[in-house]
Amino acid sequence: MTITLQDVAGILGLPTDGIVVTGSTSEDWHAACAAIFGHVPEAGEFHHSGDLRISFLDRHYTRWTDHEGNHAAEIYFTKAHIARMLGTWLLADKSGGSNFGCRLVPLLGGGFEDIGRFSWGSAVLTHLFRNLCELTDARRTDMDGCHILLQIWAWIRFPPIAPPFLLIQSRAHIMDAEKFKPHEVTHYRATLDTLCRDEVVWQLYIDYEWLDVTLEQQYLWLAVTPIIYFHTVEACQPDRCMRQFDLDQPIPDKSRKLRGIHDHTLRGKVEENWRRKLKDHIDRWNTRIQHIIDGLEMLYHATTVEEFPRFGLEYIHEEIGRIIGMFRESSRVDEPGP
């Protein structure tokens, strides 16, 4: 099991389709902040890493009532709120929510519809995946990423470890963190070690109407594709956790390794255009509909009366050709059949 784009959409309600969240790390950040937030940060409001301190946003945008009625100020305020959500929650770093990556500032330009066209959900999952990977180093003592996504996912998928099942005997255990922590860890470890199959929720999300997610976007959750957040590229592998999509799980292939790019960092890369550098991976993301794990099921839905308009004839022609090619390949290892 793993956290998937389906989980990100179901838990956080973030868009998982759309434009990759990446860009350049070489910008005039003072000018960018002035254009997006209406104010120029002072020298002390930039962290030594180059990130923008959240205190800059707090200094100008704390109470909505201070800006209500001024249309331009309301837009600045709303974009500052989005920046806070990204910096302190969704794409948090080791600063504990006190900084906001300047590289994200230009992506908040334009209208709110433009901001909504980015695949923020896949960026959040990419950032979390990378930090879960780095956390396997025993020397690491902290972790970036959307912790609440990981926690709620675990509570949903493994109900016995969710809060109603915690063996908390009194309020004192909660108030005294030093006493509560050993009990909590012991409980979680023992519960996970003894989980039975019927105590795991494989399939959860049934109705996506409240998310306004189209059927085609739901099928894209089944695509084997790289997912990207600026310099970070991770492998999204739904073919290894198909039971979470209510599909049968065959023996999976080896986990995909992204050699030569997995160790990329932003250190020293102050003038890098990641959209150009990661072009091959972005192209794969943009054509991920060609890499959905269950092409036959996709084709079936594409040719039903209700869903036919969502898929062009060109796509259906390509999909049929791909499936015919699969059958031809199988003839090399199987006896010829009808």
Side-chain angles (χ1 to χ4, degrees), residues 1-11 14-22 118-133 149 153 157 202-205 208 213-262 264 278-302 310-311 314-330 333:
M1 299 188 71
T2 187
I3 305 175
T4 68
L5 291 173
Q6 178 194 39
D7 293 304
V8 176
I11 294 172
L14 289 173
T16 55
D17 191 19
I19 305 169
V20 166
V21 177
T22 191
F118 286 99
S119 178
W120 296 106
S122 66
V124 169
L125 187 59
T126 306
H127 190 48
L128 180 61
F129 274 179
R130 172 59 57 87
N131 282 280
L132 287 171
C133 177
L149 171 61
W153 175 83
R157 294 296 184 180
W202 297 103
Q203 171 68 20
L204 173 70
Y205 314 104
Y208 294 97
V213 178
T214 67
L215 185 62
E216 182 176 7
Q217 289 169 334
Q218 293 179 40
Y219 283 124
L220 289 174
W221 296 333
L222 291 167
V224 179
T225 177
I227 51 177
I228 300 164
Y229 168 54
F230 264 86
H231 64 293
T232 306
V233 182
E234 292 288 331
C236 185
Q237 304 179 78
D239 55 324
R240 299 179 63 83
C241 54
M242 292 170 65
R243 281 181 289 187
Q244 289 178 240
F245 296 90
D246 203 25
L247 299 171
D248 292 333
Q249 177 66 61
I251 297 174
D253 295 331
K254 289 183 178 180
S255 182
R256 291 163 185 81
K257 305 293 184 183
L258 297 173
R259 301 188 185 280
I261 196 169
H262 189 264
H264 273 180
L278 301 178
K279 182 180 182 303
D280 290 345
H281 299 284
I282 294 174
D283 288 345
R284 169 84 180 206
W285 164 266
N286 291 335
T287 58
R288 61 198 181 282
I289 195 169
Q290 300 174 17
H291 306 285
I292 292 173
I293 57 180
D294 197 337
L296 284 171
E297 182 180 353
M298 181 74 171
L299 182 63
Y300 170 78
H301 287 282
R310 296 182 186 273
F311 304 90
E314 181 179 354
Y315 163 75
I316 295 176
H317 175 78
E318 291 177 356
E319 190 68 14
I320 292 173
R322 188 166 70 89
I323 293 171
I324 290 173
M326 290 164 55
F327 283 126
R328 287 174 177 166
E329 287 293 309
S330 69
V333 293

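Remember, predicted model here, so these are calculated numbers, not experimental data.
Side-chain contact between His291 and Thr225 is absent, with no heavy atoms from C-beta onward closer than 4.5 Å. Annotation: side chain of Ile293 is in contact with side chain of Met242 (closest heavy-atom distance under 4.5 Å). By the 4.5 Å heavy-atom criterion applied to side chains, Thr4 and Pro238 are not counted as neighbours.
Between Ile282 atom CD1 and Ile19 atom CD1 the span is 11.0 Å, to the nearest 0.5 Å. Distance OG/Ser119 to CG/Leu5: 6.5 Å, rounded to 0.5 Å. How far OH of Tyr219 is from OG1 of Thr214: 10.5 Å, rounded to the nearest 0.5 Å.
Partners of Thr126 by side-chain hydrogen bond (donor to acceptor under 3.5 Å, both in side chains), not counting sequence neighbours: none found. In this structure Pro15 satisfies the side-chain contact (heavy atoms from CB on, under 4.5 Å) test together with Trp120, sequence neighbours excluded. Annotation: side-chain contact (heavy atoms from CB on, under 4.5 Å) contacts of Asp17 (sequence neighbours excluded): Gln217, Leu220, Arg288. For Asp283, the side-chain hydrogen bond (donor to acceptor under 3.5 Å, both in side chains) partners two or more places apart in sequence, or in a different chain, are Lys279. Taking the side-chain hydrogen bond (donor to acceptor under 3.5 Å, both in side chains) definition, one finds that Gln237 meets it with Ser255, Arg256, sequence neighbours left out. Partners of Trp285 under the side-chain hydrogen bond (donor to acceptor under 3.5 Å, both in side chains) rule, at least two apart in sequence or in another chain, do not exist in this structure.
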Please lay out, stage by stage, how Ile227 and Phe129 fare under the test side chain to side chain contact (heavy atoms under 4.5 Å, CB included). CA-CA 10 Å; Ile227 51 177; Phe129 274 179; 4.0 Å; yes
Does Cys236 form a side chain to side chain contact (heavy atoms under 4.5 Å, CB included) with Val224? I'd like the steps, not just the answer. CA-CA 6 Å; Cys236 185; Val224 179; over 6 Å; no
Check the pair Gln244 / Trp221 against side chain to side chain contact (heavy atoms under 4.5 Å, CB included), numbers first and verdict last. CA-CA 11 Å; Gln244 289 178 240; Trp221 296 333; over 6 Å; no
Kindly indicate, with the supporting measurements, whether the criterion side chain to side chain contact (heavy atoms under 4.5 Å, CB included) is fulfilled by Met1 and Arg243. CA-CA 8 Å; Met1 299 188 71; Arg243 281 181 289 187; over 6 Å; no
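Listed by first then second residue, pairs satisfying ring pair (Phe, Tyr, Trp, His ring centres under 6.0 Å) with a partner in residues 225-256 read His127-Tyr229, His231-Trp274, not counting sequence neighbours.
No donor-acceptor distance shorter than 3.5 angstrom exists from the side chain of Glu234 to the backbone of Ile228, with no hydrogens or angles considered. Between the side chain of Gln249 and the main chain of Cys241, a donor-acceptor pair closer than 3.5 Å is present.
For the side chain to side chain contact (heavy atoms under 4.5 Å, CB included) with Leu125, the lone residue among Thr16, Ile3, Asp7 that qualifies is Ile3.
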